[in-house]
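Indexing begins at 1, ligand by ligand and atom by atom, following the structure's order. Throughout, numbering of the chain's residues begins at 1 and tracks the sequence. None of the values given here were measured: they were computed from a predicted structure.
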Amino acid sequence: MSDVRLPKRLAREELTIVEMIAMYCRDHHGEELARAAEGLCPGCAGLMAYARLRLEMCRYGADKPTCAACPTHCYRPAMRDRVREVMRYSGPRMIKAHPVLAVAHLVDGRRKAPDEG
Ligand code: SF4
Ligand SMILES: [Zn+2]
């Protein structure tokens with residue numbers, strides 16, 4: 001975990017992405033994961049570090065929408081594709097594995113980005 005203190009909702013968003021990447025990694029990279037010292041294979045650990053950095057640097061701060069609903073997506077295209085793949089796989093499975101996080105994420109998904117006008 002990083003040292004940057006995020007507001008409660010963003011901390012929950014961080015936890016949600018951690019769980020989603022961990023689920024994806026367990027189900028797709030079992031062999032690499034068995035050799036990894038951390039809870040993620042190196043590729044997924046890199047994706048997590050990147051997602052965490054984007055979250056911490058998010059231009060919307062405490063008013064952040066979910067990244068999926070963001071009009072100014074700040075991820076590099078390759079990272080965006082990877083995180084989308086994780087979401088496609090883990091999103092539907094979160095309801096069963098982490099219902100509270102999943103419902104909170106669905107509610108957050110209705111947030112709009114603040115007007116920048
Ligand atoms: S994609 Fe949008 S909401 Fe997500 S971190 Fe980047 S600017 Fe913030
Ligand atoms: Zn992995």
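- The cationic group of R26 does not satisfy the cation-pi geometry with Y24, failing either the under 6.0 Å distance to the six-membered ring centre or the 45° limit from the ring axis.
- To the nearest 0.5 Å, atom CZ of residue R93 and atom CZ of residue R88 are 12.0 Å apart.
- The distance from the CG atom of L15 to the NE2 atom of H105 is 12.0 Å, given to the nearest 0.5 Å.
- Atom 4 (Fe) of ligand 1 has no N, O or S atom of H73 inside 2.8 Å of it.
- Nearest protein heavy-atom neighbour of atom 4 (Fe) of ligand 1: C67 SG, 2.4 Å.
- Counting just the N/O/S atoms of H29, the one with the shortest distance to the Zn ion (ligand 2) is named ND1.
- Here the side chains of D81 and E85 are not in contact, with every heavy-atom distance at 4.5 Å or above.
- With a cut-off of 2.8 Å, atom 6 (Fe) of ligand 1 has an N, O or S atom of C74 in range.
- The structure places SG of C58 at 8.0 Å from CD of E13, a figure rounded to the nearest 0.5 Å.
- Nearest protein neighbour of atom 8 (Fe) of ligand 1, counting heavy atoms only, is C58 SG, 2.3 Å.
- Here the straight-line distance linking atom SG of C74 with atom CE of M79 works out to 11.5 Å at 0.5 Å rounding.
- In this structure, SG of C25 and SG of C41 enclose an angle of 110° at the Zn ion (ligand 2), rounded to 10°.
- Among the atoms of H28, no N, O or S atom is found under 2.8 Å from the Zn ion (ligand 2).
- The only option from L101, V103, L106 that meets the side-chain contact (heavy atoms from CB on, under 4.5 Å) definition with M94 turns out to be L101.
- The protein atom (non-hydrogen) at minimum distance from atom 5 (S) of ligand 1 is R54 O, 3.6 Å.
- The nearest heavy-atom contact from the protein to atom 2 (Fe) of ligand 1 is C70 SG, 2.3 Å.
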